[in-house]
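Remarks on the structure that follows.
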Amino acid sequence: MDDNEEEALLRSAAILTSGAILEARERVERELHQAKKLLEERTAELDHSVSMLRATIESTADGLLVTDENGRILCHNQLYLRMWPIPTELMETGSHQALIQHCGSLLKDPRQFELSVDEIYAEWPLESFDVLRFNDGRVFERYTKVKFVEGRNVGRVWSFRDITQRGQAEADKAQLAAIVESSYDAIIVKDLDGIITNWNAGAERIFGYRADEIIGSSISRLIPPDRVEEAARIMSFIKQGRLTEHFETVRLGKGGKAIDVSVTISPVKDSAGNIIAASKVARDITQRKESQERIRYLAHYDSLTGLPNRALLADRMRIAIGNAARYSYRLALLFVDLDRFKLVNDSLGHDVGDKLLKIVAERMQSVGRQTDTISRVGGDEFIVLLSQIANAEDAARIAEKLIAALSQPYTIEEHELVVTASVGISIYPDSGKDTGTLLRNADASMYSAKEAGRNRYHFYSEDLTSGASERLNLERDLRGAVEREEVFVVYQPQIELATGRVIGAEALMRWRNPKRGLVSPASFIPLAEDTGLILSLGEHILRESCLQARQWRDSGAKVIVAVNVSAVQFRQKNFTGVVLGVLADTGLPPKCLELEVTESVVMQGVESVVHKMRILDNHGIKVAIDDFGTGYSSLSYLRQFPVDRLKIDQSFIRDLPDNTDATAIVCAIVGMGRSLGLRVIAEGVETEAQANFLQSIGCEEGQGYLYAKPMEANDFKVWLRNWKLH
Ligand code: C2E
Ligand code: MG
Ligand code: MG
């Protein structure tokens with residue numbers, strides 16, 4: 001009720017009679033009172049809702065700001081002030097522009113912020129959203145919406161929410177997911193019923209299933225039947241809350257392939273700490289397992305033939321000896337060594353040698369019994385353990401069978417090879433009671449079989465041990481022989497058959513030992529080669545011979561000196577350097593020197609041999625192939641080497657001229673030499689008949705007792721003078 005209405009009422013009341021006036025007045029006053037009360041109640045109500053509103057905007061998690069269409073601040077909550085730390089004086093000025101500038105200054109990109117605010121006021125969208133990044137690392141979500149009152153647009157509400165924490169959590173989660181996905185290991189999560197819920201790329205790589213093929217199915221698809229119990233036990237540990245389990249096991253990949261894995265499994269808990277799943281990290285260790293297996297295999301087996309090696313043989317011997325001792329029976333050890341295997345290896349290469357050894361291993365296995373151990377203990381050395389025999393004859397029979405089987409021809413690539421074997425036998429308990437003695441004695445008897453002419457077997461006997469110690473003594477005596485001047489050179493002339501002219505002299509090594517007398521090179525050169533002593537002996541002989549040839553030349557005798565060179569010497573890296581050094585020291589012209597090498601040298605390895613021979617050839621030094629016809633060198637092979645001369649081995653000459661095989665071979669060699677443009681000399685010419693035959697087939701040169709035995713230098717000089725007179 002307003003004042004005018006009140007006055008009108010009073011006026012009409014004065015006109016009325018007093019009773020009526022009074023009554024009316026009272027009624028009016030009552031109405032007035034009621035109206036006032038209503039007004040008070042309305043005001044209180046309004047106050048209440050305003051303070052409710054205030055409390056509400058203060059209690060939200062967002063900073064709130066309300067502005068009118070021009071950006072003037074209508075109201076805000078306290079959080080807004082705190083979030084943007086806005087100084088009170090700035091709020092008091094109420095300047096829109098200053099406020100925007102202040103807020104922009106806190107952001108990484110103030111310009112963008114100001115532009116977007118300007119745009120909002122200019123275009124006045126119903127709502128708009130943005131993310132604001134602060135210089136101090138905080139991140140806000142900004143949301144603004146037009147405010148309508150009774151359908152009328154009265155301004156905008158701006159709300160700001162700090163999502164720094166949420167952004168961090170999301171980044172962490174994304175990072176974690178990326179790590180899981182990029183892990184080389186399999187990372188799998190399964191719920192407590194064993195249903196797979198997570199499957200990363202590593203799991204796909206290891207097990208072969210794609211995530212969409214396997215998520216939702218049971219983990220039991222991966223568990224081999226014999227591991228089911230183990231898996232269940234581990235799962236029960238996890239359900240009990242045991243922290244982490246590590247173990248190595250086998251799992252099945254797609255297609256049922258068994259995969260060795262190392263696994264770490266741990267419980268997954270929800271925020272309340274309840275176990276809700278299990279996470280499993282699995283690493284493929286198949287390769288590691290395989291290499292462990294391989295190492296175990298290599299430790300006990302020979303990789304070329306697959307036969308047990310020395311270590312496994314020794315194990316089996318210990319067991320066999322134990323049994324033989326307990327039950328009083330015999331066992332035998334057969335030491336099998338191929339005869340002249342080195343020649344095959346040197347002439348035809350290691351490839352052929354390896355193939356031969358494999359066939360040898362197969363043949364030996366075909367002879368042996370199930371209970372026997374056939375092992376390979378060295379290059380061409382095999383040991384057969386017969387774990388139970390009745391008597392020595394049993395061992396002899398097996399040895400014969402082995403020798404027969406091994407001496408059958410071998411066809412390897414285009415080569416037809418014949419290789420024989422020598423076997424040494426020791427018997428428990430007769431020739432030894434322990435592994436070491438039995439092995440040693442079988443080895444010694446094998447040597448005795450070789451010395452007796454190879455391709456046979458020998459049983460161990462006491463005096464064999466003395467043979468082994470004899471080799472040791474010989475080696476001891478040979479050491480220092482050069483320094484003690486026990487080693488010297490003898491010379492054997494080489495003759496041009498048609499004219500009888502002396503064209504050269506072969507230098508041959510001699511060793512005269514005070515105890516032993518004159519020792520044949522055939523008996524000490526193999527030992528010198530085995531021990532490396534040949535290097536110093538060979539150089540000594542080369543030097544002596546060159547010096548001698550130089551003196552002969554100086555006194556008018558124009559002979560070429562031919563010096564034997566062992567394969568071991570030729571193989572030396574600096575072999576050509578040594579030869580050139582000796583020539584320089586002695587002053588012998590290189591064209592006066594010929595080196596005699598055997599076929600095994602030629603076949604050492606084409607490239608390095610050709611290289612060395614070219615160096616020699618370039619200096620004018622000649623090379624002859626000694627003992628030609630006894631090795632495996634082929635014609636086509638020979639063409640690659642710069643060789644000057646072939647020396648037909650004396651074993652062929654010996655049987656001339658009556659033996660048809662020998663004549664055929666010698667004719668072939670002479671023909672071949674000619675067609676290759678090589679000179680050919682026959683060694684070991686002892687009779688006129690041989691010399692005549694050689695001459696008749698076009699062999700131009702010879703060397704042998706028919707003309708002269710090897711002689712010491714002084715005798716050679718005398719012989720030479722007489723020969724010329726003659
Ligand atoms: P080789 O190089 O084939 O030497 C030929 C051998 O035949 C020599 O034996 C020689 O004395 C012998 N001989 C020569 N004419 C006749 C003959 O008419 N009838 C018979 N039955 N034999 C004859 P030697 O001197 O005992 O040498 C044996 C082997 O020792 C040589 O065979 C050679 O391979 C090696 N040798 C000798 N001296 C050296 C050397 O200084 N260094 C090297 N690495 N090996 C050498
Ligand atoms: Mg020779
Ligand atoms: Mg010879």
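Both ligands and their constituent atoms are indexed starting at 1 by order of listing.
- Backbone and side-chain nitrogen or oxygen atoms of Met509 are examined, and one is located within less than 3.5 angstrom of a nitrogen or oxygen of ligand 1.
- At least one test fails for Arg516 against the ring of Phe524: distance under 6.0 Å to the centre or angle within 45° of the axis.
- For the residue pair Arg645/Gln494, the side-chain donor-acceptor check at 3.5 Å is satisfied.
- Backbone or side-chain N, O or S atoms of Asp626 reach the Mg ion (ligand 2) at under 2.8 Å.
- By the 3.5 Å distance cut-off applied to N or O atoms, Gln703 is not counted among the residues near ligand 1.
- Put simply, part of Pro710 is less than 4.0 Å from ligand 1, judged by heavy atoms.
- Backbone or side-chain N, O or S atoms of Asp627 do not reach the Mg ion (ligand 2) at under 2.8 Å.
- Side-chain contact check for Asp339 and Thr420: at least one donor-acceptor pair (N or O, by modelled atom type) lies under 3.5 Å.
- Nearest residue to atom 1 (P) of ligand 1 from Leu542, Val490, Asp626, Thr687 is Asp626 (criterion: closest heavy atom).
- Residue nearest to atom 37 (C) of ligand 1, selected from Leu508, Val597, Val489, Val487: Leu508 (by heavy-atom distance).
- When only interatomic distances are considered, the shortest N/O to N/O separation between Ser520 and ligand 1 does not fall below 3.5 Å.
- Comparing heavy-atom distances from atom 6 (C) of ligand 1 across Glu506, Glu683, Arg654, Gln650 singles out Gln650 as nearest.
- Of all the atoms in ligand 1, the ones that sit under 4.0 Å from a non-hydrogen atom of Ile525 are 35 (C), 36 (N), 39 (C), 43 (C), 45 (N), 46 (C).
- Nearest-heavy-atom check against atom 3 (O) of ligand 1 across Asp627, Val685, Ile653 picks out Asp627.
- Judged purely by atom type and a 3.5 angstrom limit, Ser445 has no side-chain atom pairing as donor or acceptor with the backbone of Gly424.
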